[in-house]
Each structure stands twice: as structure tokens, then as C-alpha cells.
Amino acid sequence: MTIYCSKTHSNTIPHSFAYWHLGASGKAHYDISEFTREIGGKDLDFYEYDDSTESDSEQATRIDGILSKIKKNDIIVIQYPFLGSPRFKEIFFSRAKSMGSKIVIFIHDIGLWRENQYYDLITDFLFENADGFIFHSKAMQDQVINQFKIKNNAQTVIQGLFGYKTAYLNGKTRSLSQNIDFAGTFSKSQFLTHIPTTLNMTIFSNLNKHISNLPKNIILGGSFDPESIPFQLNGSFGLSWTSDSYPEVTGSYGIYEKYNMPHKLSLYLAANQPVIVWNQSAEANFITKNNIGCTISNLAELPALLESFTEEKYEKMYQNATIIGELVREGFWFKKALLEIQSKLLTV
């Protein structure tokens, strides 16, 4: 019984892993493949291509090649969103199921929710036919069950934090300061133009060249490959925040954080950096319980929060973050979820 994990390669960018040029998305997909291999799993390779001129027979032959090593009770983890035409997905599922395999959907993102579509009932072929799911949070699990059509006997597991594979941060330590790091896309972070001048913030974004009208206390840190950015984070805290406005969380991307476990959160923790998050976010309870950061209801609370810190309080939080950070770098929560879903699918 082997676990296979989908690994999509790009044909539009030579020698490239799909999504890698998109930053966090590519890194997250790549790490899931790596962590699967670390516990004895294998890659199931897919390639982007236009199948519109391919006959059903030709496509079935291609898919049989992809599935050539699949045996009964093997588990296939599909990283979602999953590239491929509806026809490709249907033939793939049919062939994989005929071999006796179990198909698990690992959710990275649900694009419809980012567009505030939480209410309409949705039929998605992958969700409807999957044997199991790995969700970010219980809130995500509950919303999917309520909104999507899934099998009555589908097994579910909550992952929690994403893993973030990176080299050990040799000798790097942190101390209390008023400096905050923010890594993310500016188009989803309009609040940055209103950050109080009492805060010092460095932002890392692939859209830095388009940013204007920022307060003078905001430093543009530049754009870095996901493998190198943990070494650029020098602030005392990492801010995980998405909003169209300041100081409240607004907009569809902001509300999405009630369900989503942000990859940037794992980036900060992989760098042993305490975090600041929205108190209604999916990760808020975990942050508080493990004392690895702070939760706030809005950004107006941030200056007073930082002023309230003592060196002793921060040092304790930082030491906790180093413990969680090691687990994040090892992909602990994904590996745990993967073994748990395997157990649920294959044992009574």
C-alpha cells in the first residue's frame, strides 16, 4: 500500500514546477510532494498540456501510463486545485478507481470562497467522487460539507498548519522591537497604505514596483524566491493579515481567513518568528494556545499591543515559536494528517 501525491509540472515554463512562478502557491504544492516522499510516498507526475485534440482513447492511454504503478489500496493524493480538463479528470478517476485505489483531495485553496461564494450549493466532480479529504481547519471542513456534494462515506482529516520546508536557520535569533514583517500580495492587502506611522513594517511582495502612497515607515523588502525569503525576515513579528481596508478585516479575501490556514503563517513560523493574526482567523486558537504570537480584532490595536510587551514575555513567545518552527519545517502536521487519512480509509 503506497501513498502517491500529485505533482504537476509546467510545460509553459521549461524545467519548471507548476505554480512556482506564482510564489507561495508553487512552494506549497512542491512541499506537499516532498513531505509525502519523506514518509515513504511517491510522486504521481502530471504535465500541463492542451488535450482538446486528443481522442478519448488517446487520453485513456496517457492516463494509464500515469497510473501504471498503482495497485489495489494505494492512496492517491490530489492537490487541489488540480489542473486538467473535465474530461481528463473523469477518465483519470474512472481508471484509478478501477485499479482499487483510494483518492484523497488535499485542499490548498477554494477559489469560489475568495469570490464570496459561500451560499450556493456546488457540484464539483473531484469533490463528489473523492474517498477522503484533508482540510485546513474544522471551519473549512464544515463549510465544504454544507456547500459541496460529497460522498456520504468520505473520510475527513484536519491538517492545521502547512509545512514549510527550508534549511535550518543557523545561529539566527530574535529580540523584541517595533519591527514587523509582512509577506504577501499587495492587491489583497490595501490596509498597508494606512498603517500607523508609529509602526515599522517591512513588506515583501512580488508587486512592490506597483506600490505607491505608502507611509514613510513602510520599507519595501523586495521580492524573493520562497526558498530564500525565510532568511530575509528580521522583524520581531510576522503579520498574517488580509483586508481591503484599515483597521477592520473586510473584503472576500479577508473573510476567507476564517476557513483558510495561510501559507504565509507557516513561512513566518518556519523562520522562528512569532506572529500576529486576526482573532477570527482559522489559526487564532492554535496561536493563542501555543503562545507563539498574538491575536487582535483589528489593526488599530497593534501599537498598544507592541507597547505592552516586555523582553521576558517576548523571549518566552520566541522560544515557543522555535519549537513550532521546527515542526513546520518538517511538515509535521501534513504528515500526521496523511497517515491519519490512510488509517481511516484502510482500517475498520
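Just so it is clear, the model here is predicted, and its values are computed rather than measured.
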Could you tell me whether the side chain of [X] and the main chain of [Y] form a donor-acceptor pair under 3.5 Å?
| X | Y | answer |
| --- | --- | --- |
| Asp181 | Asn234 | yes |
| Lys344 | Thr156 | yes |
| Asp74 | Ile3 | no |
| Asn217 | Pro196 | yes |
| Ser98 | Arg95 | yes |
| Tyr314 | Arg174 | no |
| Ser6 | Gln79 | yes |
| His136 | His108 | yes |
| Ser94 | Glu90 | no |
| Asn146 | Asp142 | yes |

Would you name the heavy atoms of [X] and [Y] that are closest together and state the gap between them?
| X | Y | result |
| --- | --- | --- |
| Gln159 | Trp333 | O-CB, 3.4 Å |
| Ala60 | Ile91 | CA-CG2, 4.0 Å |
| Lys264 | Ser240 | CG-OG, 3.7 Å |
| Pro247 | Ala300 | CB-N, 3.5 Å |
| Gly132 | Ile341 | CA-CD1, 4.3 Å |
| Ala183 | Tyr268 | N-OH, 2.9 Å |

Kindly state each residue pair satisfying salt bridge (charged side-chain N to carboxylate O under 4.0 Å, His left out) with at least one member in [range], sequence neighbours excluded.
| range | answer |
| --- | --- |
| residues 239-257 | none |
| residues 149-162 | Glu128-Lys149, Asp131-Lys151 |
| residues 298-311 | none |

Between Asn200 and Ile180, does the side chain to side chain contact (heavy atoms under 4.5 Å, CB included) criterion hold? Intermediate values first, please.
CA-CA 6 Å; Asn200 298 315; Ile180 300 172; over 6 Å; no
Holding to salt bridge (charged side-chain N to carboxylate O under 4.0 Å, His left out), I want the full list of residues that pass it with Glu54, two or more places apart in sequence or in another chain.
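Only Arg62 meet the salt bridge (charged side-chain N to carboxylate O under 4.0 Å, His left out) criterion with Glu54.
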Pair [X] and [Y], ring centroids less than 6.0 Å apart:
| X | Y | value |
| --- | --- | --- |
| Tyr164 | His263 | yes |
| Phe46 | Phe82 | yes |
| Phe182 | Phe237 | no |

Apply the side-chain contact (heavy atoms from CB on, under 4.5 Å) test between Cys5 and each candidate in Ile75, Ile32, Leu44; give the one that qualifies.
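Single side-chain contact (heavy atoms from CB on, under 4.5 Å) partner of Cys5 among Ile75, Ile32, Leu44: Ile32.
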State, with a plain yes or no, whether a side-chain heavy atom of [X] is found less than 4.5 Å away from one of [Y].
| X | Y | answer |
| --- | --- | --- |
| Leu233 | Leu267 | yes |
| Ser266 | Leu269 | no |
| Lys102 | Asn73 | yes |

I'd like to know whether [atom1] of [X] has more than 12 heavy-atom contacts from other residues, nucleotides or ligands below 6.0 angstrom.
| X | atom1 | result |
| --- | --- | --- |
| Lys316 | NZ | no |
| Glu326 | CD | no |
| Lys97 | NZ | yes |
| Lys42 | NZ | no |
| Lys336 | NZ | no |
| Lys72 | NZ | no |

Could you walk me through whether Phe106 and Phe334 pass the side chain to side chain contact (heavy atoms under 4.5 Å, CB included) check?
CA-CA 10 Å; Phe106 176 87; Phe334 169 71; 3.7 Å; yes
For the OH atom of Tyr80 and the CD1 atom of Ile105, what is their distance to the nearest 0.5 Å?
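With rounding to 0.5 Å, OH (Tyr80) is 8.5 Å from CD1 (Ile105).
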Looking only at the side chains, is there a donor atom on one of Gln147 and Trp113 sitting less than 3.5 Å from an acceptor on the other?
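Result is yes, a qualifying pair exists.
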Which is it for Ile324 and Phe286 under the side chain to side chain contact (heavy atoms under 4.5 Å, CB included) test, yes or no, and what are the steps along the way?
CA-CA 11 Å; Ile324 298 299; Phe286 181 88; 4.3 Å; yes
Plane angle bin for Phe133 and Phe127 - parallel if under 30°, tilted between 30 and 60°, otherwise perpendicular:
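Geometry flag for Phe133 against Phe127: tilted rings.
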Does Lys27 qualify as a cation-pi partner of Tyr30, given the criterion of NZ or CZ under 6.0 Å from the six-membered ring centre and within 45 degrees of its axis?
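That pair does not qualify as a cation-pi contact.
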Can you list the residues that meet the side-chain hydrogen bond (donor to acceptor under 3.5 Å, both in side chains) rule with Ser55, with sequence neighbours excluded?
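Scan of Ser55 (side-chain hydrogen bond (donor to acceptor under 3.5 Å, both in side chains), adjacent residues dropped) gives Glu58.
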Report the residues that fulfil side-chain hydrogen bond (donor to acceptor under 3.5 Å, both in side chains) with Thr198, sequence neighbours left out, ordered by chain and then residue number.
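With neighbours one apart ignored, the set is empty.
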If you measure from the Lys or Arg side-chain nitrogens to the Asp or Glu carboxylate oxygens, is any gap between Arg114 and Asp109 under 4.0 Å?
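Yes, Arg114 and Asp109 are salt-bridged.
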Could you walk me through whether Glu38 and Lys165 pass salt bridge (charged side-chain N to carboxylate O under 4.0 Å, His left out), step by step?
CA-CA 11 Å; Glu38 287 179 3; Lys165 194 173 180 64; 2.3 Å; yes
So Ile103 and Leu126, side chain to side chain contact (heavy atoms under 4.5 Å, CB included) or not? Walk me through it.
CA-CA 9 Å; Ile103 297 180; Leu126 298 183; over 6 Å; no
